[in-house]
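Chain naming here is simple, since letters A, B, ... match the order of the sequence lines and numbering starts at 1 in each.
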Amino acid sequence: MRSDDVEDVEIRLLLEGVQRIYGYDFRDYADASIKRRLNHWLAESGFDTFSQAQSQLLRERSVFESLLRGITVNVTEMFRDPTFFRAVREQVVPFLKTYPFVKIWHAGCATGEEAYSMAILLNEEGMAGRYRMYATDINEAVLQKAGEGVMPIAEMQRFTRNYQKSGGRASFADYYTARYDRAMLSPALKQHIVFAPHNLATDGEFGEMNLVLCRNVMIYFKPALKERCLRLFDSSLLPGGFLCLGLKESLERRKMGERYEELAAPLRIYRKRYG
Amino acid sequence: MVKSFQAVVVGVSTGGVHALQKLLGGLPAAFPLPILIVQHIGADADGGLAKLLDERCALRVKEADEQDPILPGTAYLAPPNYHLLVEREGFLSLSADPYVSFARPSVDVLFESAAAVFGPGLIGVVLTGANFDGSQGLKTIKKKGGVAIVQDPADAEAPQMPRAAIAATGVDYVVALDGIATLLQKLAARRNTIPHDEKGRDD
């Protein structure tokens with residue numbers, strides 16, 4: 001047996017154990033990426049093999065927490081894919097404005113960069129006070145970070161560039177206060193965001209949403225789990241609601257694809273048909 | 001034992017547009033293996049390179065989409081701003097994880113994930129580039145019994161990436177760009193010589 005095969009068995013056992021002890025189910029995560037992330041965690045953990053890590057992992061919650069951080073932290077940035085945010089501003093917001101109040105679910109929000117970006121965008125478009133955004137993630141540690149709204153100042157240059165390209169109407173510097181090496185986002189941006197834990201593999205839907213965003217999260221899932229997520233989003237969305245996916249995610253090969261029309265073709269913005 | 005190859009992975013950076021035109025242009029439409037490619041590219045690029053190569057080469061060339069099945073006679077380019085990986089079930093996946101070897105897409109990520117799936121059935125090719133991405137990946141390919149081809153640094157527009165690869169592991173072939181398409185066809189033809197009952201066994 002090749003050492004690789006042994007490792008595959010170890011990983012399967014480990015994920016099985018994690019599911020049974022802690023209730024987090026990673027068995028339907030795509031192998032290639034989770035293997036990379038697990039190996040990265042293993043290299044930092046001080047254990048030689050997954051078998052060796054397993055004993056402590058299943059007995060000590062702190063070891064599990066570090067694994068959880070290692071395999072669930074998605075990296076993101078403010079106004080990631082500026083052309084996408086420009087299309088939301090120009091093509092989605094006009095529809096949202098026709099409602100007195102809209103509800104938004106941002107699934108897999110990680111450290112909150114995109115949720116804050118959306119809040120900036122909606123506020124600039126005159127929707128402050130007319131929306132609530134539920135920003136969820138499986139990882140409570142990143143949610144806490146998201147709630148703080150503090151980012152490395154070194155990132156601000158890139159975020160500013162993204163913001164400008166996305167059609168931002170103000171000066172990006174108005175949205176944060178710089179302190180030493182960190183940038184604190186304006187507390188006003190948090191006003192309409194609720195950060196909450198949610199596990200796409202096991203938890204249920206959010207009712208009556210006008211907009212669901214889930215970008216670059218499902219790329220880490222196996223096909224069956226992707227289908228589950230899409231069903232979840234579909235049952236959360238009102239007719240005429242919008243579904244925004246990552247730039248390389250498409251409904252093309254999906255069962256529910258026919259119930260959606262593509263609004264902005266290469267940008268993966270879909271609109272749920274009526275009836 | 002004579003090995004049967006299942007896939008080719010290619011890593012290229014500076015000078016890549018020219019090098020890929022030459023390499024892919026030298027392969028027939030019926031080339032029997034899939035080709036997975038990481039060309040370092042800016043985050044804002046728009047998929048134009050895949051289109052250009054598709055027009056100019058007999059092979060089918062496309063930008064990889066998540067869950068694309070891995071088909072022979074097709075070259076898949078990693079999309080800008082995503083790592084390209086191989087899943088055991090025979091399809092491609094993408095990741096937005098942090099940069100590896102200062103790059104996303106990273107050659108190392110593709111090579112390592114392909115090596116884990118294809119083992120000795122993998123041919124890794126490192127072409128021109130002004131960094132060292134791909135050398136760790138090529139080392140992994142060799143460790144799993146695959147074949148390593150590196151463009152002759154003297155022939156490369158930017159010799160650093162080939163040089164780093166040669167320094168990292170024992171490579172099987174150091175060849176000028178001109179000769180790589182022919183070499184790949186020769187290696188790919190080996191699969192026909194495999195006795196039926198040995199197919200699918202790798203060691």
Side-chain angles (χ1 to χ4, degrees), chain A residues 1-8 11-12 28-40 70-77 80-84 108 110 113-114 158 161-162 165 215-227 245-254 266-268, chain B residues 36 43-48 62-70 76-100 104-106 108-122 136-137 140-141 143-146 201-203:
Chain A
M1 207 178 204
R2 300 207 314 257
S3 62
D4 236 9
D5 298 327
V6 173
E7 194 181 275
D8 284 347
I11 288 177
R12 211 160 303 155
D28 278 333
Y29 277 46
D31 292 326
S33 283
I34 200 165
K35 211 169 147 177
R36 262 202 96 78
R37 288 178 172 189
L38 282 167
N39 271 306
H40 196 259
I71 60 181
T72 63
V73 175
N74 289 328
V75 287
T76 177
E77 55 193 80
R80 180 187 164 116
D81 308 320
T83 48
F84 162 77
E113 283 83 346
E114 288 188 66
R158 187 161 56 114
R161 233 174 12 239
N162 283 354
K165 277 195 233 166
R215 307 179 69 226
N216 298 315
V217 177
M218 290 185 292
I219 53 174
Y220 297 105
F221 298 166
K222 284 183 181 168
L225 183 51
K226 280 182 193 160
E227 287 290 347
L245 305 177
L247 292 190
K248 296 305 289 182
E249 299 171 286
S250 142
L251 288 184
E252 211 175 290
R253 293 172 196 159
R254 303 292 162 200
L267 298 174
R268 312 305 188 195
Chain B
L36 315 175
D44 298 334
D46 61 353
K62 75 180 295 279
E63 192 175 285
D65 280 302
E66 62 142 13
Q67 261 183 271
D68 264 347
I70 302 172
Y76 303 87
L77 274 174
N81 223 1
Y82 289 89
H83 294 301
L84 177 63
L85 300 99
V86 176
E87 296 294 334
R88 199 164 292 281
E89 294 88 343
F91 57 81
L92 297 172
S93 66
L94 301 174
S95 124
D97 279 0
Y99 285 33
V100 173
R104 187 175 64 203
S106 146
D108 284 334
V109 171
L110 170 65
F111 280 19
E112 285 165 13
S113 87
V117 170
F118 296 118
L122 185 65
Q136 281 314 304
T140 307
I141 290 175
K143 217 171 81 189
K144 312 267 184 213
R201 273 209 254 149
D202 13 64
D203 48 10

For chain B, which of A:M218, A:E249, A:R254 has the most heavy-atom pairs under 4.5 Å?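 Result: the option with the highest number of such pairs is A:R254.
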Going from CG on B:L92 to CG on B:D68, what distance comes out if it is rounded to the nearest 0.5 angstrom?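 Between atom CG of B:L92 and atom CG of B:D68 there are 5.5 Å.
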Nearest 0.5 Å, please: how far is CD1 in A:I219 from CG in B:D65?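 Output value for this atom pair is 12.0 Å.
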Tell me, for [X] versus chain A, whether the close heavy atoms (under 4.5 Å) come from the side chain, the backbone, both or neither.
| X | value |
| --- | --- |
| B:S93 | side chain |
| B:V100 | side chain |
| B:P98 | both |

Region of A:N216 that comes under 4.5 Å of a non-hydrogen atom in chain B: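 A:N216 touches chain B through side-chain heavy atoms alone.
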Under 4.5 Å heavy-atom distance to chain B, tell me which part of A:R215 shows up: side chain, backbone, both or neither.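 Contact with chain B is absent: no heavy atom of A:R215 under 4.5 Å.
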If you count heavy-atom pairs under 4.5 Å with chain A, which of B:N81, B:V86, B:L94 comes out on top?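 If we count pairs closer than 4.5 Å to chain A, B:L94 comes out on top.
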Does [X] come within less than 4.0 Å of [Y], counting only side-chain N to carboxylate O?
| X | Y | answer |
| --- | --- | --- |
| B:D97 | A:R36 | no |
| B:E87 | A:K222 | no |
| A:D8 | A:K35 | yes |

Any side-chain donor-acceptor pair under 3.5 Å between A:E113 and A:T76?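 There is no such pair between these side chains.
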